[in-house]
Trainee: 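Provided herewith is a single structure, encoded as structure tokens, for subsequent inquiry.
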Amino acid sequence: MRGPHNIIRLIRTGATLERTGAMNVVLDAFEAPAPLRFVAKLLGKPFMWLGYKGDPSMPPATRALTALGPAYIKFGQVLSTRPDVVGEEMAQQLRVLQDKLPPFPVEVAKAEVEKELGQPIDTLFSEFSEPVAAASIAQVHKATLESTGEAVAVKVLRPGVERAFGKDVDAFYLAARIVELFAPGARRLRPMDVIEHFDGVVQGELDLRLESSAAGEYAANTKDDKGFKLPRIRWDYSARRVMTLEWADGVPMGDNSAIDGAGHNRVDLSERVLRLFLLHALRDGYFHADMHQGNLKVASNGDIIAYDFGIMGHIDEYTRRVYAEILFGFIRQDFKRVAEVHFEAGYVPPDKDVDEFARALRAVGEPIFGMDASQISMGRLLSYLFEVTERFGMETRTELILLQRTMVVVEGVARSLNPNINIWQVASPIVTDYIQKSIGPKAVLTDLYKTARVLTRFGPRLPRLVEQALINQANPAPPKKRGFWRWIILALMIGTALGTSLVLMIEALL
């Protein structure tokens, strides 16, 4: 329940921020106005003795969040995906948050598994290891299935984590209300949006069935992608608080020495990880949004293995097409067209000047095309583009910020494997293919086909609509109403006929 009792938690939060030296760092990152700074100091400075000390070796912000516990660590991780809110420097600090906490006892984990799956642990697994990884929400054990001898990873939620996160999230909502009260109109803060986004992410991770579902959808999309593999979800050993999946054996993506020792080609790996990310984002509109080295391995056969599906990104088809045309305009250096697309899509308010916006975009694009291709960063280009659109009143879109942040992370992975990678050269075939399919003649046919199929669905409803129209005709009704029904029936009949014809014609063409 959100209310005044959360003041105690906020006081301890403020005290910890003061004690660790993070208070001013955080307030500066949020560009907090004077009234909000006063309230924050009021909640922190007099009670500094109540604050947690944290690890002095860490930067102030990460030190404070780590000391405050799992919900704050997770909050910091989510904020690291929102440089539009906290600034690039703070986002960079938060990305290094070590989501490693003391594990809970293996016996407790076994009890949770038995409770969720409804069977004794010995009938499910012949072996069940000590924790191999412990994070803020769950921990992972390596196990062996009793029935098949298959090695699996068993992810188990921390006991009581739902209640603990619920209490802290309630305090976050109260803090957001305080920010709104003392910083009205603070454009970059958007406190309730930030907390609602965080709440949504956490709720998804507190039900492992949702993560399993995300993994299943991701696997279905990528099953034919050469050189890429996902651990198979074992639904019969999974539930709300337990997730079991195939054990991913391989070399950590961040260990270049081990990769070289295993005989893998790092140049090929660097190009493949970038191509795969772009393919998933553009082709599917559904991508792994936490694709850092810690969530990637290289199998013995050279396949890239991805795991941990708690944070996934989604971009709808319309938005992908808009940004394909924007990217196409950048490639052709047609900055006026790029500006027009932003206005046509409603991303930039209509009262802004399109020519002035085009000149601002040129200032972003021209330096990029004057650089050596190996120095160009697509992530940086997106970042610059968002800065320009923000100045012209474009409303921030969380899914695109997540895309940009993930692009930066994936580029970092690729360059750690091969510092000389040419980002544009690797990305060009994927981007070009998507542009041709999304805004070319074939895309028009595909759209017509989809529209026609929708129209044909009205066919079975026509008899009932005709019957209803005849009943209306038999009863006295204003002429306008009878005419309305006639036009509706005529339109549906024509639409159904045209739809059926179009379906048959386009199916033949495709």
Side-chain angles (χ1 to χ4, degrees), residues 80-81 92 95-96 99 132-133 140 151 153 214-215 218-232 245-284 286-313 372-382 402-434:
S80 75
T81 70
Q92 190 68 35
R95 282 171 203 157
V96 302
D99 196 11
V132 296
V140 177
Y218 192 36
N221 290 343
T222 62
K223 60 180 171 38
D224 296 324
D225 293 347
K226 188 177 179 180
F228 185 67
K229 181 183 177 183
L230 299 178
R232 183 167 59 95
L245 60 163
E246 177 186 6
W247 182 260
D249 257 329
V251 179
M253 184 68 86
D255 191 341
N256 284 351
S257 298
I259 290 173
D260 292 338
H264 301 303
N265 185 330
R266 280 199 278 133
V267 172
D268 173 70
L269 288 172
S270 69
E271 294 178 356
R272 198 183 336 146
V273 73
L274 182 62
R275 281 198 303 266
L276 286 166
F277 166 71
L278 288 171
L279 188 66
H280 301 161
L282 292 176
R283 180 194 65 194
D284 307 325
Y286 194 65
F287 59 93
H288 196 305
D290 201 16
M291 211 168 172
H292 57 75
Q293 286 101 327
N295 287 336
L296 298 170
K297 287 184 178 181
V298 184
S300 57
N301 65 353
D303 285 352
I304 293 174
I305 305 172
Y307 51 96
D308 193 347
F309 313 103
I311 303 178
M312 301 295 292
D372 180 80
S374 63
Q375 299 175 335
I376 295 175
S377 165
M378 291 182 67
R380 192 175 297 118
L381 173 61
L382 284 171
L402 190 59
L403 172 68
Q404 183 264 337
R405 181 262 183 184
T406 311
M407 183 75 244
V408 171
V409 171
V410 172
E411 277 189 20
V413 172
R415 291 194 190 279
S416 72
L417 293 163
N418 173 23
N420 298 316
I421 186 173
N422 185 321
I423 298 296
W424 279 119
Q425 187 176 9
V426 174
S428 180
I430 304 294
V431 174
T432 303
D433 182 64
Y434 177 74

Trainee: Count the heavy atoms belonging to other residues, nucleotides or ligands that lie under 6.0 Å from NZ of K297, then report whether that count exceeds 12.
Mentor: yes
Trainee: Out of F228, Y286, F287, which one pairs with H280 under the ring pair (Phe, Tyr, Trp, His ring centres under 6.0 Å) rule?
Mentor: F228
Trainee: Restricting to non-hydrogen atoms, name the atom on L269 and the atom on G302 that form the minimum distance, rounded to 0.1 Å.
Mentor: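 For L269 versus G302, the nearest heavy atoms are CD2-O, 3.9 Å.
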Trainee: Please report the shortest heavy-atom distance between G227 and D303, naming the atom on each side.
Mentor: CA-OD1, 3.3 Å
Trainee: Looking only at heavy atoms, what is the nearest atom pair of I421 and A414, with distance?
Mentor: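 The answer is CD1-CB, 4.0 Å.
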Trainee: Using atom types as modelled and distance alone, determine if a side-chain donor or acceptor of D290 lies under 3.5 Å from a backbone N or O of N295.
Mentor: no
Trainee: With rounding to the nearest 0.5 Å, note down the distance linking CE in M312 to CE in M291.
Mentor: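 M312 CE to M291 CE: 9.5 Å, rounded to 0.5 Å.
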Trainee: Looking only at heavy atoms, which two atoms of N265 and V267 are closest? And how far apart?
Mentor: OD1-N, 3.0 Å
Trainee: Any chance you could measure I304, atom CD1, to L230, atom CG, to the nearest 0.5 Å?
Mentor: 11.5 Å
Trainee: At what distance, to the nearest 0.5 angstrom, does NE2 of H292 lie from OG1 of T406?
Mentor: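 Between atom NE2 of H292 and atom OG1 of T406 there are 10.5 Å.
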Trainee: Taking the side chain as every heavy atom from C-beta outward, state whether V413 and Q293 have any pair of such atoms under 4.5 Å apart.
Mentor: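 A side-chain contact exists here, since the closest heavy-atom pair is under 4.5 Å.
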Trainee: Mind checking what makes ring pair (Phe, Tyr, Trp, His ring centres under 6.0 Å) contact with H288, not counting sequence neighbours?
Mentor: F309
Trainee: Given 3.5 Å as the limit, does a donor-acceptor pair link the side chain of R266 with the main chain of L417, or not?
Mentor: yes
Trainee: Output side-chain donor-acceptor pairs under 3.5 Å for residues 246-254, partner residues at least two apart or in another chain, one line each.
Mentor:
unit_1	atom_1	unit_2	atom_2	d
E246	OE1	R232	N	3.1
W247	NE1	D249	OD1	3.3

Trainee: Output the distance between atom CG (N256) and atom NE2 (H264), rounded to the nearest 0.5 Å.
Mentor: 12.0 Å
Trainee: For the atom pair CG (L274) and CZ (R415), what is the distance rounded to the nearest 0.5 Å?
Mentor: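 L274 CG to R415 CZ: 9.0 Å, rounded to 0.5 Å.
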Trainee: To check you understand the geometry: which heavy-atom pair defines the closest contact between A306 and P231, and what is its length?
Mentor: O-CD, 3.1 Å
Trainee: Nearest 0.5 Å, please: how far is OG1 in T222 from CG in L276?
Mentor: 8.5 Å
Trainee: Do the non-hydrogen side-chain atoms of D433 and R283 ever get within less than 4.5 Å of each other?
Mentor: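 No, too far: nothing below the 4.5 Å cut-off.
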